[in-house]
Amino acid sequence: MRPIIPFVHQLPQHEVQQWCDSLGELLPGCDIRPFVQLSEAEKALASVAVVANPAPADVAQLPHLQWVHSVWAGVEGMMASLAHMPFEIVRLTDPHLAKTMAEAVLAWSLYLHRGMPQYRQQQSASQWQPQPYCDAHERHIVVLGLGLLGQQSALRLVDNGFRVSGWSRSEKHLDGVACYAGESALIDLIAQADIIVNLLPLTPSTQGLMDQAFFQQLKAGASLINFGRGATLIEADLLAALDQGQLTHAVLDVFDQEPLPETSALWRHSGITVLPHISAPTSVTTASRIVADNIQRYLTQATIPPSVDKSQGY
Ligand code: NAP
């Protein structure tokens, strides 16, 4: 009998079909089946499941799970709802996703670097006003989080001539990037940044990291790109920092509440560019290949890929 791999999700039906078709093609020896189609006996057999925003009550009905493979990179939702369950959580680590994110980081860094928000405002006031040009190597971009996405993004910025620093929990060595680690290094580093790019995961230690005290340290004219998670910053403190001129502009792709409610003040603030969580969408094609390879390796060699550190939350 082919091993049954449950697909546990809260996704629209067309997306479920896409994932199941794509994984089914790559794993012809397995039966990739949406959770709702499993019998009780089949649920009891599953030792690995593929998950996409799974309902904890569904996952709890798979008593013999050794691990779950998420099709997404972020895991804070699962940390909150599944971390107490006795199986490993493996997230998506996809080089293609890192490339897509690096492209977005470069695009929006250039948007800020070349003063596009300001020219947009000038145009709406029919104002012909060239601003002074600053060379890329004089622009200091600080990337918070040097994981798969942060490293690729930092290197892409270096390739484009920016002066780049990065910050992570443990020390890193990256060509052309000044790397700093640990809480004590953060304040000095952000005080020298022209653009801050957040690519930290949301964990108990990063939640609310960008608060009033954080924004007060920024140098005049600094801007922010938040592509990590919304709750890493405190929205009220961000708005205050913009209003008080501690921050010039913020490009936000992620929010505490998504979709961003129509009533949110973030939509209407002239110092904010709102994006609908599009900086690095998962590619079903490349992600399926990675998930399928990991499952194949588990089935043939009994190896589970590196999993999330539940004590750190990422
Ligand atoms: P990752 O590989 O897990 O890297 C996380 C990085 O953050 C690591 O460098 C880690 O340090 C650092 N870090 C974590 N906690 C820290 C702390 N308390 N202080 C300092 N550094 C800390 O994650 P990733 O794959 O690069 O993804 C990063 C995040 O991007 C995801 O968690 C997700 O939230 C977000 N994301 C957004 C989108 C989007 O479309 N907007 C798409 C995908 C992902 P160490 O290296 O020392 O462990």
Side-chain angles (χ1 to χ4, degrees), residues 1-24 26-27 30-94 97 201-208 228-232 254-261 276-277 281-282 284 287-288 290-292 294-296 298-299 302 304-314:
M1 193 177 86
R2 292 190 301 161
I4 291 171
I5 316 280
F7 184 68
V8 193
H9 67 88
Q10 297 180 89
L11 294 179
Q13 189 48 39
H14 71 276
E15 288 185 33
V16 178
Q17 201 58 52
Q18 252 187 321
W19 282 109
C20 289
D21 289 352
S22 179
L23 287 167
L26 293 161
L27 290 166
C30 298
D31 182 355
I32 314 287
R33 196 102 62 81
F35 176 79
V36 289
Q37 295 177 14
L38 297 175
S39 68
E40 292 310 309
E42 287 167 338
K43 288 177 190 168
L45 285 175
S47 64
V48 55
V50 179
V51 298
N53 185 25
D58 289 348
V59 182
Q61 291 177 50
L62 303 169
H64 296 119
L65 278 185
Q66 290 193 24
W67 62 297
V68 296
H69 200 323
S70 174
V71 297
W72 292 329
V75 290
E76 71 286 343
M78 286 193 295
M79 279 298 106
S81 60
L82 304 185
H84 63 284
M85 297 189 191
F87 49 76
E88 303 291 327
I89 295 174
V90 173
R91 72 189 187 101
L92 178 70
T93 52
D94 182 353
L97 185 83
L202 181 62
T203 70
S205 39
T206 63
Q207 177 146 14
R229 283 294 179 258
T232 306
V254 285
F255 302 88
D256 231 350
Q257 196 185 337
E258 294 182 10
L260 184 62
H277 202 138
T282 298
V284 175
S288 295
I290 287 161
V291 173
N294 284 338
I295 289 176
Q296 192 63 43
Y298 167 71
L299 294 174
I304 296 177
S307 57
V308 172
D309 178 344
K310 290 185 182 177
S311 67
Q312 294 296 340
Y314 73 100

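Just so you know, these numbers use all the heavy atoms, side chains as well, and skip hydrogens, waters and symmetry mates. The first residue of the sequence shown is numbered 1, and numbering continues consecutively from there.
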* Minimum heavy-atom separation for Gly313 to Thr203, with atom names? -> O-CG2, 3.6 Å
* **Residue pair Thr282 / Trp19, side-chain heavy-atom distance below 4.5 Å** => yes
* Asked: Val68 versus Pro54: any side-chain heavy-atom pair under 4.5 Å?
  -> no
* Donor-acceptor pair between Thr206 and Tyr314 side chains, under 3.5 angstrom -> no
* For side chain to side chain contact (heavy atoms under 4.5 Å, CB included), just list the numbers for Trp67 and Ile295, CA-CA rounded to whole Å, side-chain angles, deciding distance to a tenth of an Å, and then say yes or no. => CA-CA 10 Å; Trp67 62 297; Ile295 289 176; 4.2 Å; yes
* Asked: Passes side chain to side chain contact (heavy atoms under 4.5 Å, CB included), Ile89 versus Met79? Steps please.
  -> CA-CA 9 Å; Ile89 295 174; Met79 279 298 106; 3.7 Å; yes
* Residue pair Ala292 / Leu26: nearest heavy atoms and the distance that separates them -> CB-CB, 3.7 Å
* **pair Pro56-Met85: side-chain heavy atoms closer than 4.5 Å** => yes
* Asked: Would you say the side chain of Tyr298 lies within less than 4.5 Å of the side chain of His69, judging by non-hydrogen atoms?
  -> no
* Nearest atoms (heavy-atom pairs only) where Val254 meets Gly228 -> CG1-O, 3.5 Å
* **Pairwise side-chain contact, Ile32 with Val50, heavy-atom cut-off 4.5 Å (strictly under)** => no
* Does any N or O in the side chain of Gln66 come within less than 3.5 Å of the main-chain N or O of Ser47, such that one atom is a donor and the other an acceptor? -> no
* Heavy-atom closest contact (Ile4 atom, Leu38 atom, distance) -> CG2-CD2, 3.5 Å
* Under 3.5 Å: donor-acceptor pair, side chain of Glu15, backbone of Pro12 -> no
* Glu258 side chain vs Phe255 backbone, donor-acceptor pair below 3.5 Å -> yes
* Asked: Would a 4.5 Å heavy-atom cut-off, applied to side chains only, mark Val51 and Ser70 as touching?
  -> yes
* Go through His64 and Leu45 one step at a time and tell me if the side chain to side chain contact (heavy atoms under 4.5 Å, CB included) criterion holds. => CA-CA 7 Å; His64 296 119; Leu45 285 175; over 6 Å; no
* **Nearest atoms (heavy-atom pairs only) where Gln207 meets Leu202** => CA-CD1, 3.8 Å
* To do: To the nearest 0.5 Å, tell me how far Leu299 CG sits from Arg2 CZ.
  => 12.5 Å
* Given the rule in the side chain to side chain contact (heavy atoms under 4.5 Å, CB included) test, do Leu62 and Phe87 qualify, once you have shown the distances and angles that lead to the verdict? -> CA-CA 11 Å; Leu62 303 169; Phe87 49 76; over 6 Å; no
* Asked: Can you say whether the rings of His9 and Phe7 are parallel (under 30°), tilted (30 to 60°) or perpendicular (over 60°)?
  -> parallel
* Is there a donor-acceptor contact under 3.5 Å from the side chain of Arg91 to the main chain of Ala73? -> yes
* Structure fact -> Between Ala49 and Val8, the two heavy atoms sitting closest are CB-CG2, 4.2 Å
* Structure fact -> Distance col, row Asp31:CG vs Cys20:SG, nearest 0.5 angstrom, shows 9.5 Å
